[in-house]
Amino acid sequence: MGGNVMSGPLQGVRIIEVAALGPVPFAGMLLADMGAEVIRVDRVGAPAPGAGASVETDPRHRHRRTVALDLKRSEGVDLLLRLAEGADVLMEGMRPGVMERLGAGPQPCLERNPGLIYARMTGWGQDGPLAQRAGHDINYIGIAGALHPMGPAELPPPVPLNLVGDFGGGAMYLAFGIACALRERERSGAGQVIDAAMVDGAVSLTAMFHGMLAAGTWSDRRESNVLDGSAHFYRTYRTSDGGFMAVGAIEPQFYAQLLSGLGVTADDHPQHDRERWPASAAAFARIFAARTRDEWTAVFDGTDACVTPVLSMTEAAGHPHLAARGTLVPVAGTPQPAPAPRFSRTAAVPPGPPVGYGRHTDELLAGLGLSIRDIERLRAERIVG
């Protein structure tokens, strides 16, 4: 789908997305799903960065119009500034100072469009001792204190994909910041610059655990807390067929149903006797290992024991609950996540195929008033693609 969106709560919002890795295209997807018109500015001669995923198959690149510009050339930068003149938001994910050196930093953009929201996405933020250092999700969440609590105490912390830093602490906070700035602009009429840092977002995600630390109900010692795999009633267990079951029976009434399904008693496995947690976990592991994942799924089906199978991404698409809600939908034969959250009146835009490199260059440049001859010259000089 292109940019002429006819639904969604953000209908009428125009966003310029300077092609970048990780969280920027994901934030663009979130905003486009909600009806915003997102125009991705690609590099001339190269597709948008995809971190191993093809732009042609990556759902993060759906609902776009795309233009290819060489931002190392003054005419390419001028075209970006002209696009920004008619936009509500510009999103970029360069290292601090790069957009300024190109001549497309906040100052020239806001001079041309004082109401522009200039949204900047980085790992370390626009300032601070690490601002110019390279990094990835694992580095940001490591510094943030979000990686240390994960995993067994005797092993190194596991790699939690790049969900916590890139997408949770990065893209979600970038999109949230943009929504907040758009709302504030309704009152002031003025744009502003958003400094969204993945390390800041990752720390923000740990708010509950900081509260528990302050209250003395959380320990900084790994695998010694209710939610970090220490508790036998909040962890995963391997089944006889090599699958896994997720157990989250925190509340006493749910724990009682877990014990019933496992055929054991609270006398043998008192829930909150921390000294006995390791022995109970070992016992539960032996019990779960005696049956297959499907057999245990059937045992706990219809109960509130908070026991569910651990599904792969491929399997998740066929789960009856997700299927009933349309949480994953087929697009060109491939499942894509449906837009979230859901709205009662202004429904999100249905998922469509990802949009490839520079597909709408001529259309968008013509919208800026350039003639066919102008566009042909720019393409011949490789200023546009």
Side-chain angles (χ1 to χ4, degrees), residues 138 141-142 144-161 163-164 168-169 202-312 315-316 319 321:
I138 195 168
I141 68 175
L147 180 60
H148 176 269
M150 298 183 187
E154 72 277 7
L155 297 175
V159 180
L161 302 181
L163 296 175
V164 180
V203 169
S204 179
L205 290 172
T206 66
M208 181 181 79
F209 303 102
H210 279 280
M212 295 171 74
L213 271 171
T217 57
W218 186 269
S219 168
D220 241 353
R221 185 164 55 88
R222 297 178 62 223
E223 200 181 13
S224 63
N225 300 283
V226 171
L227 300 177
D228 64 5
S230 178
H232 59 290
F233 53 86
Y234 199 89
R235 59 185 297 165
T236 58
Y237 292 96
R238 186 184 294 272
T239 57
S240 64
D241 56 349
F244 298 91
M245 297 298 290
V247 176
I250 297 176
E251 292 81 0
Q253 67 272 30
F254 304 154
Y255 183 67
Q257 294 188 51
L258 167 65
L259 297 180
S260 176
L262 295 177
V264 296
T265 68
D267 290 338
D268 291 330
H269 302 285
Q271 184 172 11
H272 294 294
D273 185 346
R274 289 176 180 253
E275 295 297 321
R276 297 175 67 175
W277 280 3
S280 291
F284 284 17
R286 290 192 295 271
I287 295 170
F288 274 107
R291 299 189 190 184
T292 67
R293 190 185 69 178
D294 287 347
E295 288 173 332
W296 283 118
T297 299
V299 167
F300 290 105
D301 185 38
T303 75
D304 280 338
C306 301
V307 179
T308 53
V310 177
L311 304 180
S312 71
E315 292 174 318
H319 189 275
H321 182 79

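All values reported here derive from a predicted model rather than from experimental measurement.
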Nearest non-hydrogen partners of Gly151 and Pro158, listed with the distance = CA-CD, 3.6 Å

Heavy-atom side-chain proximity of Leu258 to Cys306 below 4.5 angstrom | no

List the steps and the verdict of side chain to side chain contact (heavy atoms under 4.5 Å, CB included) for Phe300 and Val247.
-> CA-CA 11 Å; Phe300 290 105; Val247 176; over 6 Å; no

Would you give the length of the straight line joining atom CH2 of Trp277 to atom CD of Gln271, rounded to the nearest 0.5 angstrom?
-> 8.5 Å

Side chain to side chain, Leu227 and Ile250, heavy atoms closer than 4.5 Å | yes

Do Thr239 and Asp241 pass the side chain to side chain donor-acceptor pair (under 3.5 Å) test, and can you show the C-alpha distance, the side-chain angles, and the key distance before you say yes or no?
-> CA-CA 6 Å; Thr239 57; Asp241 56 349; 2.6 Å; yes

Arg286 CZ to Leu262 CG distance, which is reported to the nearest 0.5 Å | 12.5 Å

What class does the angle between the rings of His319 and His321 fall in, given that below 30° is parallel, 30 to 60° is tilted and above 60° is perpendicular?
-> perpendicular

Asp304 and Gln257: which non-hydrogen atoms are nearest, and at how many Å?
-> N-OE1, 2.9 Å

State whether the side chain of Thr206 and the backbone N or O of Ala146 hold a donor-acceptor pair below 3.5 Å, judged by distance alone.
-> no

Verify the neighbour count for atom CZ of Phe254: are there more than 12 heavy atoms of other residues, nucleotides or ligands below 6.0 Å?
-> yes

Before giving the answer on side chain to side chain contact (heavy atoms under 4.5 Å, CB included), spell out for Leu205 and Ile141 the whole-Å C-alpha distance, their side-chain angles and the decisive distance to 0.1 Å.
-> CA-CA 10 Å; Leu205 290 172; Ile141 68 175; over 6 Å; no

Here the pair of heavy atoms bringing His269 nearest to Ser280 is ND1-OG, 2.9 Å

If we ignore angles and hydrogens, is there a donor and acceptor under 3.5 Å between the side chains of Thr292 and Asp294?
-> no

Check: Asp220 and Phe209 side chains under 4.5 Å, non-hydrogen atoms | no

Step by step, would you call Thr236 with Phe288 a side chain to side chain contact (heavy atoms under 4.5 Å, CB included)?
-> CA-CA 10 Å; Thr236 58; Phe288 274 107; over 6 Å; no

Tyr255/His232 aromatic ring centres below 6.0 Å = yes

Could you tell me the separation between the CE atom of Met245 and the CZ atom of Arg291, rounded to the nearest 0.5 Å?
-> 11.0 Å

By salt bridge (Lys or Arg N to Asp or Glu O under 4.0 Å), Arg293 pairs with (sequence neighbours left out) Glu315

Other residues, nucleotides, ligands: >12 heavy atoms within 6.0 Å of Glu154 CD | yes

For the student: nearest non-hydrogen atoms of Tyr234 and Val226, plus distance = CB-O, 3.4 Å

Parallel, tilted or perpendicular, as decided by the 30° and 60° cut-offs, for the rings of Tyr237 and Phe284 | tilted

Quick one: list whatever passes side chain to side chain contact (heavy atoms under 4.5 Å, CB included) with Ser219, sequence neighbours left out.
-> Arg221, Ser224, Asn225

Sequence neighbours excluded, the answer for salt bridge (Lys or Arg N to Asp or Glu O under 4.0 Å) partners of Glu295 is none

Side chain to side chain contact (heavy atoms under 4.5 Å, CB included) between Phe233 and His272: does it pass, once the steps are laid out?
-> CA-CA 10 Å; Phe233 53 86; His272 294 294; 4.1 Å; yes

Quick one: does Arg222's side chain get under 4.5 Å of Pro157's, heavy atoms only?
-> yes

Of all heavy-atom pairs linking Pro149 and Asp228, the shortest is O-CB, 3.6 Å

When you measure from the side chain of Arg238 to the backbone N and O of Ala285, does any donor-acceptor pair fall under 3.5 Å?
-> no

Quick one: closest heavy-atom pair of Ala144 and Val203, and the distance?
-> CB-CG2, 3.5 Å

